[in-house]
Amino acid sequence: MLTKKYSYLMALMIILLIPVTGLGSETYFTGFLQGLYGGGLDKDNPTLSDLTASETRLQLRMESFADNAEFFARIDFVYDDFYEHSTDIELREGFAKFRFGSFLDFKIGRQIVTWGTGDLIFINDVFAKDYQSFFTGRDDQYLKAPQNALRLALYTGTGTLDIVYTPRFTPNRTPTGERLSYYYPMTPEGGGIVGAPEYLFEADFPEASFENSELAGRFSRYLGNADIALYGYTGFYKNPVGYDMATMSSYYPKLNVYGASVRMPIFGGIVWAEGGYFDSRDDIDGDNPMIPNSKISTLIGFERQIGSNLTANIQYQNEKMIDFDKYVENLPVGMAGKEETYHLVTTRFTQLLMMETLSFSAFAFYSPNEEDFYGRFLANYKYSDAITLALGANIFDGQDEYTSFGTFQKNDNIYLKVTYGY
Amino acid sequence: MKFQKTIMLLILIVMIGGQSSYAGDNQAMEIMKKSHLAMFYAADDGIAEVKMTITNSRGKERIREFAMLRLDIEDGGKQMYYTYFRKPHDVSRLTFMVHKIPEASDNRWLYVPSVDLVKRISADDKGSSFVGSDFTYEDVSGRHWSEDNHKILKEDKLDDNDVYIIESTPIEKYKGFSRKVSYIDKGHYLPLKEEYYNKKNELVRVYTAEKIEEIDGIITPTIRKMENVKKKQYTMVEFTEIKFNIGVEEDIFSERYLKNPPRQFIK
């Protein structure tokens with residue numbers, strides 16, 4: 001209890017002290033207060049509660065800057081009672097940014113990192129995401145989880161080189177069974193959709209060591225009217241996709257990713273293409289069925305305005321296993337195997353109405369070969385500049401329980417969100 | 001021979017006639033060019049704090065505040081815009097960058113700092129609303145004079161100012177308007193008023209320069225109003241802290257500054 005109080009105090013002190021110390025010549029405070037309430041639509045979901053969200057969130061933002069330095073902090077105070085009463089405090093971002101002449105920028109601290117071209121499909125963006133938030137109606141900004149990292153940007157005549165070093169591996173936040181259920185293959189019935197407390201999902205974390213850190217790089221430039229980029233990453237799978245038979249636990253296998261992307265205007269819209277080679281370092285030969293095979297993932301997308309204030313996009317993703325023969329050879333008898341190629345199609349529609357104060361949006365993921373679906377639907381109304389009301393739904397469906405979205409098929413939920421910003 | 005001479009004469013008449021009507025268009029075109037340069041290409045660069053107040057038909061107000069930085073690469077030609085949003089809270093710290101190329105589509109980027117996301121935006125929507133206001137993207141960065149045919153309707157007075165009244169019609173089919181009537185001040189060439197008509201020749205929007213000031217020797221509209229007559233709502237735009245020729249370099253309009261606002265200009 002004491003430590004929690006202490007951390008609140010610390011957070012407030014950071015917010016109040018930074019401007020006082022005069023690090024920046026200008027200081028601004030903003031933030032919001034938000035209520036989010038959501039409930040599950042499936043009666044037999046084996047989670048802790050019928051609610052998927054019941055939380056009140058206060059976000060405080062502080063920025064302070066001078067010509068060549070900038071400090072930014074964003075702190076969330078959350079009261080959450082979707083199951084038991086709990087309070088939480090999280091430093092969402094807290095970094096310092098420095099500019100050295102015309103060639104170097106330096107950003108250190110807790111930060112959110114994004115790159116790549118996909119719309120909610122990530123290939124070369126191997127930075128932490130929060131799918132728990134994403135699936136339960138929190139704002140888009142919560143899809144990205146912060147990492148404690150060091151970021152360098154080097155500007156040269158030929159392009160920009162970004163390096164992101166994350167000393168401590170930061171995984172994705174995935175459903176644990178408490179708020180959202182998931183498929184588990186090792187139940188006595190031979191696999192099924194499970195939830196907490198019985199099947200609270202936990203995974204083994206790589207130890208804190210220099211060699212277990214993450215390093216990501218990107219070289220990007222503007223060519224003609226296209227944004228082009230090359231990427232590299234060395235670290236771990238962000239989801240706990242490995243299973244250790246010895247310890248009977250899930251873990252994060254080693255992963256390297258190499259890729260490239262291009263994005264440009266065409267046919268009155270924007271087209272993007274991205275590809276990446278996922279080098280599964282703990283399963284180099286592809287013969288361990290408990291660790292994902294190496295794969296090549298490619299993506300193509302197109303977005304344009306198709307009507308008055310109506311924007312639409314479509315994406316196609318293809319993932320092909322490298323050593324499929326060995327994967328099949330080594331697959332244990334009775335275990336549901338994956339197909340060699342995974343196909344995913346997504347589409348997004350956004351309609352703005354009433355001078356952009358009312359918006360309707362729909363985003364659908366559909367895999368024709370895994371026969372599963374995930375839809376995000378949202379109606380957003382800006383009652384005033386300060387107050388926003390949102391009503392949304394997350395709908396999952398799947399032919400099987402072990403597929404990417406089929407695993408979440410009992411987690412259909414609707415939510416209501418009210419935000420007061422200042 | 002006589003027949004040939006007649007033909008020659010006819011050709012000559014047609015040519016002269018054609019020439020003279022072309023000269024008339026030319027003068028209108030020249031005025032619209034000057035007007036466009038005065039309105040959108042004043043000085044070599046500029047910065048201003050912009051406050052946009054959108055008032056709907058029920059009198060409810062919404063406010064947008066942003067800083068806007070501009071650099072002209074070539075007068076009447078390539079231009080760069082950088083917008084840093086301050087209010088409302090949900091767009092605070094967002095940045096928006098445009099490389100405007102008059103003969104081609106603009107290149108546009110949006111940066112959402114809360115998710116560190118750089119998004120490219122298609123530029124096929126020049127006639128659509130700018131941040132939910134009554135101004136369109138094109139009203140903000142200007143529609144090139146060569147995209148319309150111009151005709152001087154008459155020379156007249158508007159509130160004691162001598163003006164050219166010019167009618168513009170899009171050369172290619174355009175959703176933004178079917179006909180525009182501009183009242184161009186004969187002294188500084190800024191439009192004092194513009195009327196936008198739709199296909200049915202109904203008046204849809206009216207622009208008025210509510211206040212024109214001289215800043216650093218440059219005459220510029222500091223309060224602009226766009227009224228949507230059909231929707232019975234209007235947007236007032238107030239420019240403050242205007243500065244010209246501040247020495248903005250082209251590299252400000254790159255991804256580096258999109259993600260890291262140039263604090264030497266934008267506080």
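Any value given below was found using the heavy atoms of this structure, including those in side chains, with hydrogens, waters and symmetry copies removed. In the text below, chain A, chain B and the rest are named by the order of the sequence lines, each starting its count at 1.
Per-residue counts of heavy-atom pairs under 4.5 Å with chain A were compared for B/Val112, B/Ile266, B/Val91, B/Val118; the largest is that of B/Val118. With chain B as the partner, the residue from A/Val113, A/Asp119, A/Thr117, A/Thr30 showing the most heavy-atom pairs under 4.5 Å is A/Val113. Contact count versus chain A (heavy atoms, under 4.5 Å) is highest, among B/Val131, B/Asn56, B/Leu117, for B/Val131. With chain B as partner, the option from A/Lys144, A/Gln141, A/Arg263 having the largest number of non-hydrogen pairs under 4.5 angstrom is A/Arg263. Ranked by heavy-atom pairs shorter than 4.5 Å toward chain B, the options A/Arg74, A/Glu93, A/Met264 are led by A/Arg74.
In this structure, the portion of B/Lys231 lying under 4.5 Å from any heavy atom of chain A is its side chain and not its backbone. When heavy atoms are compared at a cutoff of 4.5 Å, A/Ser308 does not approach chain B at all. Only the side chain of B/Arg86 comes within less than 4.5 Å of a heavy atom in chain A; its backbone stays farther off. For A/Glu63, the part lying near chain B is the side chain, with the backbone staying farther off; criterion is any non-hydrogen pair under 4.5 Å. Using a 4.5 Å cut-off between heavy atoms, B/Asp251 makes no contact with chain A at all. With a 4.5 angstrom heavy-atom cutoff, B/Asn260 touches chain A via backbone and side-chain atoms both. In this structure, chain B has no heavy atom under 4.5 Å from any part of A/Arg92. The contact between A/Tyr28 and chain B is made entirely by side chain atoms (from C-beta outward), counting heavy-atom distances below 4.5 Å. Contacts of A/Ala145 with chain B are absent, with no heavy-atom separation under 4.5 Å from either backbone or side chain. Contacts of B/Ser129 with chain A are made by both backbone and side-chain atoms, with heavy-atom separations under 4.5 Å. Contacts of A/Tyr422 with chain B are made by backbone atoms alone, with heavy-atom separations under 4.5 Å and no side-chain atom involved.
Within a 6.0 Å sphere centred on OH of B/Tyr234, other residues, nucleotides and ligands contribute 12 heavy atoms or fewer. Heavy-atom contacts from other residues, nucleotides or ligands closer than 6.0 Å to OH of A/Tyr131 number more than 12. Within a 6.0 Å radius of CD in B/Gln264, other residues, nucleotides and ligands contribute more than 12 heavy atoms. Around the NZ atom of B/Lys259, the shell of radius 6.0 Å holds more than 12 heavy atoms that belong to other residues, nucleotides or ligands.
Considering CG of A/Asn225 and CD1 of B/Ile101, their distance stands at 7.0 Å, rounded to 0.5 Å. Atoms CD1 and OG, on A/Ile266 and B/Ser122 in that order, are 12.5 Å from each other to the nearest 0.5 Å. For the atom pair A/Gln59 CD and B/Ser114 OG, the distance stands at 8.5 Å (nearest 0.5 Å). Here the straight-line distance linking atom CZ of B/Arg263 with atom CZ of A/Arg99 works out to 8.5 Å at 0.5 Å rounding. Atom CD of A/Glu356 and atom OG of B/Ser133 lie 8.0 Å apart (nearest 0.5 Å).
Side chains of B/Trp109 and A/Asp227: a donor-acceptor N/O pair is present below 3.5 angstrom, by distance only. A donor-acceptor pair shorter than 3.5 Å can be found between the side chains of A/Tyr222 and B/Asn107.
No donor-acceptor pair closer than 3.5 Å links the side chain of B/Arg256 to the backbone N or O of A/Leu154. A/Asp385 places no side-chain N or O within donor-acceptor distance of the main-chain N or O of B/Arg62, the cut-off being under 3.5 Å. In this structure a side-chain-to-backbone donor-acceptor pair under 3.5 Å is present from A/Thr114 to B/Val115.
Cation-pi geometry between B/Arg93 and A/Phe72 is met: the NZ or CZ atom falls under 6.0 Å from the ring centre, inside 45° of the normal. Annotation: cation-pi geometry satisfied between B/Lys60 and A/Tyr383 (NZ/CZ under 6.0 angstrom from ring centroid, within 45° of ring axis).
Taking every heavy atom of both residues into account, A/Pro265 and B/Arg120 meet most closely at CD-NH2, 3.3 Å. Between B/Ser128 and A/Asn309, the shortest heavy-atom contact is CB-OD1, 4.4 Å.
Taking 4.5 Å as the limit, every side-chain heavy atom of B/Glu255 sits out of range of all side-chain heavy atoms of A/Arg221.
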Report the C-alpha separation of B/Asp90 and A/Lys382 in whole Å, then their side-chain angles, then the decisive distance to 0.1 Å, and conclude whether the side-chain contact (heavy atoms from CB on, under 4.5 Å) test is met. CA-CA 10 Å; B/Asp90 56 338; A/Lys382 288 180 185 168; 3.0 Å; yes
